[in-house]
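Each residue takes its place number in the sequence, starting with 1.
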Amino acid sequence: MSTLWSSIPRYIVAINSDDGKKYQIRAENNDTVYNYYQIGDRVCYHQGLNSYENYDKSRDKIIFCNVCASQNDVRDDYCSQCKCPLLK
C-alpha cells in the first residue's frame, strides 16, 4: 500500500538559529539542497522570500535564486530563469 512512498528518498537539512529555534528544509527525491549545505554553515533566512542564503559562498559552485529557487552558477549576477539579482 505505501511501498512507493517509502521508496522515495527524503532529504532534510536541519538549521539551528542563534536563539535556539530549529528549522528544516525538506526535499523529496532531490539531494541538491542537502548536499549544498555543510555542517556548521551560517545561513540567513529571508522571510519575505521564504528562503535561506548561505553566508560564505567562497567554496560554492552553485547559488540558488532566493526568488524562484532555481540553481545558478555562482559567478552569475542574475538568475537564469527569473532574471532577478542573485544574493551574494
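Cluster annotation: I63 is not connected to V67 through the hydrophobic network of ILVMFWY side chains, with a link wherever side-chain heavy atoms come within less than 4.5 Å. Both V33 and V43 are part of a single hydrophobic cluster, where members link through side-chain heavy atoms under 4.5 Å apart. At a threshold of 4.5 Å between side-chain heavy atoms, the hydrophobic network of Ile, Leu, Val, Met, Phe, Trp and Tyr places Y36 and Y11 in one connected group. In this structure, I62 is a member of the same hydrophobic cluster as I25, with clusters built from ILVMFWY side-chain heavy atoms closer than 4.5 Å. Y23 and Y37 fall within a single hydrophobic cluster, where Ile, Leu, Val, Met, Phe, Trp and Tyr side chains are chained together by heavy-atom contacts under 4.5 Å.
Within 6.0 Å of atom OH in Y78, 12 or fewer heavy atoms from other residues, nucleotides or ligands are found, so the atom counts as exposed in its surroundings.
Under the 3.5 Å distance criterion, with hydrogens and angles disregarded, no donor-acceptor pair is assigned to the side chains of Y52 and N66.
Taken from CG in D41 to CD in E53, the straight-line distance is 12.0 Å, to the nearest 0.5 Å. Here N30 contributes atom CG and I8 contributes atom CD1; the two are 12.5 Å apart, rounded to the nearest 0.5 Å. Here the CD1-NZ distance, from I15 to K22, works out to 12.0 Å after rounding to the nearest 0.5 Å. Interatomic distance, NZ of K61 versus CZ of R75, reported as 10.5 Å (0.5 Å rounding). Atom CG of residue D60 and atom CD of residue Q38 lie 9.0 Å apart, to the nearest 0.5 angstrom. With values rounded to the nearest 0.5 angstrom, L87 atom CG is found 7.0 Å from S51 atom OG.
Remark: D76 does not engage K88 in a salt bridge, criterion side-chain N to carboxylate O under 4.0 Å.
Here the side chains of S70 and C79 are in contact, with some heavy-atom distance below 4.5 Å.
In terms of heavy atoms, C68 sits closest to C65 at N-SG, 3.4 Å. S80 approaches N72 most closely through the heavy-atom pair N-OD1, 2.8 Å.
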